[in-house]
Structures are given as structure tokens and as C-alpha cells.
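The chain is numbered in sequence order, starting from 1. As the structure lists them, so they are numbered: ligands from 1, and atoms in each ligand from 1. No hydrogens, no waters, no symmetry mates; every other heavy atom, side chains included, goes into these values.
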Amino acid sequence: MKRIIIAIDGYSSCGKSTLAKALAKALHYAYLDSGAMYRAVTLFFLENNIDYNDPEKVTWALQHIEIHFERVDGQNCTFLNGVNIEQAIREMRVSQHVSPVATISSVRRAMVRQQQAMGNRRGIVADGRDIGTVVFPDAELKIFLTADPDVRTSRRHLELATKGIKADRNDIQHNLLERDQIDSNRSDSPLRQAADAVVIDNTLLSESQQLAQALAMAKEKM
Ligand code: CDP
């Protein structure tokens, strides 16, 4: 079977990473969480009090940021300069700044370069906002996920609670909608459905149902 690239894009918290992780596991592929990389850059700015509206400071910061992924206790974890930041990047303070940070072209260029290097041997499932349009435009399978905003809010609320991160439901919904708005309207690599992407609306689908649909599509391409 051919090793392919699977690109999953879509709005905030619509289950992209759940689907991507499940697909990667089923196919023994690598998983690339591109959103975690933008979150890691954002955390670096926040922790070092860096004004990300200052281009010189952004350039300096990008030279001092090393991001990689490692499996810890069976979980895919994000590391920033050698420190496991998987929990910290999911907190609301990071969610509140990540979309403005992700509009910065120099940040995007640095992340996209690293993402493309990770996919050069194919056999990868990547999720984000610009995977099918910019990062891997030649991906064999492109999925655009959508779900009802109330359902997305409830899922994120539960996900954060499970991780021990406290957040108000209204704040979560406000943040999801605000990020969708910024991500869809930025000039560099806006969130778009690629022309050759298949749409899956998972509002009424269970995790196993959405996995079954996507796996069938992947096997056809392989
Ligand atoms: O998990 P959730 O869908 O809430 O977000 P995420 O995948 O962790 O991405 C966080 C933010 O990073 C998004 O709202 C975008 O602003 C940015 N992002 C991006 O610009 N491009 C990507 N390929 C992935 C994420």
C-alpha cells in the first residue's frame, strides 16, 4: 500500500485532533498537531513578555524557539526548548493569544517549513487550518471537518475539564468563535476548505463513526 499524507482542516475544536490521532494510530502513521506549534510559539511570547506586534522581537524569538514532539506515556506531547508544555499550551491564556500570533507571516513561514520537513517521507496525518491548502497541497486525502458551535463548545469544555483545566463555558464559546473569525479572515493562509477536500460534519457522529468514514476514504487513496 502507498504511504500517503492525510490533511485535516477545520474550525476550532471540531474534533480534528481526535480524528487525526485515531487515523494515525490505525494506519501506524505519524501525527502532526500543527496547532500545538502555534500554541508553543504563543506560550514562548507570553512567558518571556515579548510584544509580538514588534517584528524585531518576533524575529529574535523565532531564533530561540525549538519545538518538537515526543511520546510520553503513550501520549503525543509538545516540547518547547526541551520542556514538555503539552498541558500549558491548552490553557485559556494561550487560546486567547494564539490566533493573533498565527496571523504573523514570519511565524507561519517558520512553522510551515518545519511541518513540511516532518511530512517529507509521507505516512503522516496532520491537522490544522492550512494543511490542505498551504502545508501539504499535494496531500492524497484532504478532510474538512465541521460541527455545530454549541457541540464544539461542549466538547472543548469536557476536554479541558478532563485535563484538569478550569474554564467557563461562555468564555470557551467566545474564544472558539473569535478564533474562527480571525483564522478565516487573516491575509496569510486563511482557514479555507481546499477545492479537493471532502467535508465531514461530525455534529451527530460518534468518534468511531467519523473514524470509520475517514479510514474508508484513506484506504481508497492508499
Ligand atoms: O484545537 P483547536 O481546534 O481549538 O485549535 P488548534 O488546532 O490547537 O490551533 C490553535 C490556533 O492555531 C488556531 O486557532 C489558529 O489560529 C492557529 N493555527 C493556524 O493558524 N494554522 C494551523 N495549521 C494550525 C493552527
Side-chain angles (χ1 to χ4, degrees), residues 5-21 31-46 52 67 69 76-78 80 85-119 124-137 139 142-149 151-160 162-163 165 167 169 171-194 197 200 202:
I5 293 182
I6 302 175
I8 304 176
D9 289 303
Y11 297 104
S12 300
S13 192
C14 63
K16 298 179 298 294
S17 69
T18 304
L19 176 59
K21 279 183 207 162
Y31 164 53
L32 165 57
D33 180 351
S34 69
M37 298 175 71
Y38 293 96
R39 287 175 179 272
V41 172
T42 304
L43 183 69
F44 185 89
F45 288 150
L46 293 176
Y52 53 79
I67 301 167
F69 298 101
N76 189 64
C77 290
T78 314
L80 170 64
I85 48 149
E86 187 54 36
Q87 171 97 353
I89 56 172
R90 308 296 162 189
E91 286 171 5
M92 281 303 279
R93 69 184 179 122
V94 173
S95 298
Q96 277 155 359
H97 288 273
V98 64
S99 284
V101 166
T103 64
I104 304 169
S105 290
S106 58
V107 171
R108 302 206 70 80
R109 274 196 302 275
M111 296 305 112
V112 169
R113 201 179 312 126
Q114 194 174 338
Q115 291 156 12
Q116 288 173 333
M118 289 163 123
I124 190 167
V125 187
D127 78 304
R129 303 293 186 289
D130 59 344
I131 306 298
T133 50
V134 175
V135 182
F136 300 125
K142 298 180 187 176
I143 296 173
F144 192 86
L145 268 190
T146 68
D148 173 84
V151 171
R152 293 197 268 134
T153 304
S154 301
R155 287 178 185 160
R156 180 53 48 96
H157 198 204
L158 182 66
E159 184 189 343
L160 292 177
T162 309
K163 288 181 178 162
I165 299 173
R169 196 180 186 285
D171 292 345
I172 293 174
Q173 180 146 55
H174 174 78
N175 176 253
L176 296 184
L177 299 179
E178 184 176 63
R179 283 196 287 129
D180 287 349
Q181 217 269 340
I182 300 174
D183 296 344
S184 304
N185 292 297
R186 68 186 175 215
S187 55
D188 188 341
S189 323
L191 167 62
R192 288 271 181 283
Q193 181 190 328
I200 299 181
N202 68 15

Requested in this report: Could you pull out, from G132, S99, G35, the option with a heavy atom nearest to atom 6 (P) of ligand 1?
Outcome: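 Looking at heavy atoms only, G35 sits closest to atom 6 (P) of ligand 1.
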**Report entry** Candidate with minimal heavy-atom separation from atom 13 (C) of ligand 1, of V101, D183, L191
**Finding:**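 Comparing heavy atoms across V101, D183, L191, the nearest one to atom 13 (C) of ligand 1 lies in D183.
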Donor-acceptor pair between [X] and [Y] side chains, under 3.5 angstrom:
X: Y11; Y: D183; value: no
X: S154; Y: R169; value: yes
X: S12; Y: R129; value: yes
X: Y38; Y: R108; value: yes

Does any N or O atom in [X] lie less than 3.5 angstrom from one in ligand 1, N or O only?
X: Y38; value: no
X: R186; value: yes
X: D33; value: no

Quick check for you: to the nearest 0.5 Å, what is the distance between [X] atom [atom1] and [Y] atom [atom2]?
X: E91; Y: Q87; atom1: CD; atom2: CD; value: 6.5 Å
X: D148; Y: T153; atom1: CG; atom2: OG1; value: 8.0 Å
X: T42; Y: R93; atom1: OG1; atom2: CZ; value: 10.5 Å
X: L145; Y: Q193; atom1: CG; atom2: CD; value: 11.0 Å

Query raised in the report: Which bit of M111 is near ligand 1, meaning a heavy atom under 4.0 Å away: side chain, backbone, both or neither?
Result: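 It is neither part, as no heavy atom is under 4.0 Å.
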Query raised in the report: Under 4.0 Å from ligand 1, counting heavy atoms only, is it the side chain of M37, its backbone, both or neither?
Result: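 Contact part for M37 vs ligand 1: neither.
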Closest protein heavy atom (residue, atom, distance) for [atom]:
atom: atom 24 (C) of ligand 1; answer: S34 OG, 3.3 Å
atom: atom 21 (N) of ligand 1; answer: R108 NH2, 3.0 Å
atom: atom 8 (O) of ligand 1; answer: R39 NE, 2.7 Å
atom: atom 7 (O) of ligand 1; answer: R129 NH1, 3.3 Å
atom: atom 12 (O) of ligand 1; answer: V98 CG2, 3.6 Å

Relative to the heavy atoms of [X], which atoms of ligand 1 are at a distance of less than 4.0 Å?
X: K16; result: 3 (O)
X: S13; result: 2 (P), 3 (O), 4 (O)
X: A102; result: 16 (O), 17 (C), 20 (O)
X: R179; result: 2 (P), 4 (O), 5 (O), 10 (C), 11 (C), 13 (C), 14 (O)
X: R156; result: 1 (O), 2 (P), 4 (O)
X: D130; result: 21 (N), 22 (C), 23 (N)

Query raised in the report: Are D180 and R152 close enough for a salt bridge, meaning some N to O gap below 4.0 Å?
Result: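 Salt bridge flag = yes for R152 with D180.
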Query raised in the report: Below 4.5 Å, heavy atoms only, C-beta onward: do S13 and Q173 meet side chain to side chain?
Result: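 No; the side chains remain at least 4.5 Å from each other.
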**Report entry** R155 and its side-chain contact (heavy atoms from CB on, under 4.5 Å) partner, picked from N202, T18, I172
**Finding:**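 Single side-chain contact (heavy atoms from CB on, under 4.5 Å) partner of R155 among N202, T18, I172: N202.
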